[in-house]
Amino acid sequence: MLPFFKDATLSTEEVAQRLLGCLLIKEEDNQTTSGWIVETEAYVGIDDEACHSFNSRRTPRLESMYKEAGTVYIYQMHTHHMVNIVTRTQAEPQAVLIRAIEPYEGIPLLEKRRNRKGIELTNGPGKLTKAMGITMADNGSAADKAPLYISDEMRKTPRLIEQTQRIGIPNKGQWTDALLRYSVEGNPYVSRKKGKPMNDHGWKAMIH
DNA sequence: TTTAAGATTGACT
DNA sequence: GTCAATCTTAAAG
């Protein structure tokens, strides 16, 4: 069965929402770290002024965006790495940015790499990649295979998905205002959060 | 050849 | 609130 994030017929917005609650897993040298995805953003291709592939821009750095759905696209900005999942086809270079996770496995290693505890481990796109040891070495790999992959076997379900403007996109007209950021309402690991987190972190109760 | 800006973060005033 | 770290890309000199 094809994982939903490899199904290029699904819209990028749909994939961004369905990724919430999936586990992001990194395996390396007998060390596994993972966490549930709690915040994503959709970058919808050549018409989207905020998207790296806007206006069909294509450079060596962007090559992964032009690969098949389910490809990992790692981008480095300033001193930080960001992890994306490609969602469509070569003709439609679109992707979902994973902006935050709620830690599950390997928390001591996350704490060591970040030299922080609690929400500061993974409540931002550059923070989670540093915590999980995600680098350019992961660029272009498949998101359904180790060492860096998405799993929905342990998936959680958001009670409510909050939909807001993307972070860090000024002066881009309608693309600044577009509601293409999705997050689990009440989850403390969502980036730039002020409000009080919910006791259940915004997940629906498990059904036994 | 030089410069500026960017899907960010952390240290500092 | 300001600002620098540090790498790719595009555009100006």
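We name chains A, B, ... by the order of the sequence lines, and we start the count at 1 in each one. Side-chain atoms are counted along with the backbone in the values below, which use heavy atoms only and exclude waters and symmetry mates.
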Inset, instruction - Using the closest heavy atom to pick a nucleotide of DNA chain B for each, name whichever of A/Lys130 or A/Ile167 lands nearer the 5' end. - result: A/Ile167
Inset, instruction - Compare all side-chain heavy atoms of A/Lys204 with those of A/Lys156 and state whether any distance is below 4.5 angstrom. - result: no
Inset, instruction - Could you check which residues of residues 92-109 of chain A get a heavy atom under 4.0 Å from DNA chain C? Sort them by number, please. - result: none
Inset, instruction - Just need the stems in DNA chain C: three or more back-to-back Watson-Crick or G-U pairs, each with both distances under 3.5 angstrom, sorted by first number. - result: B:1-6 with C:7-12, B:8-12 with C:1-5
Inset, instruction - Salt-bridge test for A/Lys26 and A/Asp138: reply yes if a basic N is under 4.0 Å from a carboxylate O, no otherwise. - result: yes
Legend entry - Worked check of ring pair (Phe, Tyr, Trp, His ring centres under 6.0 Å) between A/Tyr75 and A/His52: CA-CA 10 Å; A/Tyr75 177 73; A/His52 294 155; 4.1 Å; yes
Legend entry - Nucleotide interval of DNA chain B bounded by contacts with chain A (heavy-atom cut-off, under 4.0 Å): B/dG6 to B/dA11
Legend entry - Result of checking A/Lys193, A/Arg159, A/Glu102 against A/Asn187 for side chain to side chain donor-acceptor pair (under 3.5 Å): A/Glu102
Inset, instruction - Determine the Euclidean distance between corresponding C1' atoms of C/dT8 and B/dG10; express it in Å to zero decimal places. - result: 22 Å
Legend entry - Residues in contact with DNA chain C, drawn from residues 34-70 of chain A - heavy-atom cutoff 4.0 Å: A/Arg57, A/Thr59, A/Pro60, A/Arg61
Inset, instruction - Give a yes or no on whether a salt bridge exists between A/Glu39 and A/Arg99, defined as a side-chain N under 4.0 angstrom from a carboxylate O. - result: yes
Legend entry - Interface with DNA chain C, restricted to residues 168-182 of chain A and to heavy atoms under 4.0 Å: none
Inset, instruction - Go through DNA chain C in 5' to 3' direction and return only the first and the last nucleotide with some atom under 4.0 Å of chain A's heavy atoms. - result: C/dA5 to C/dA10
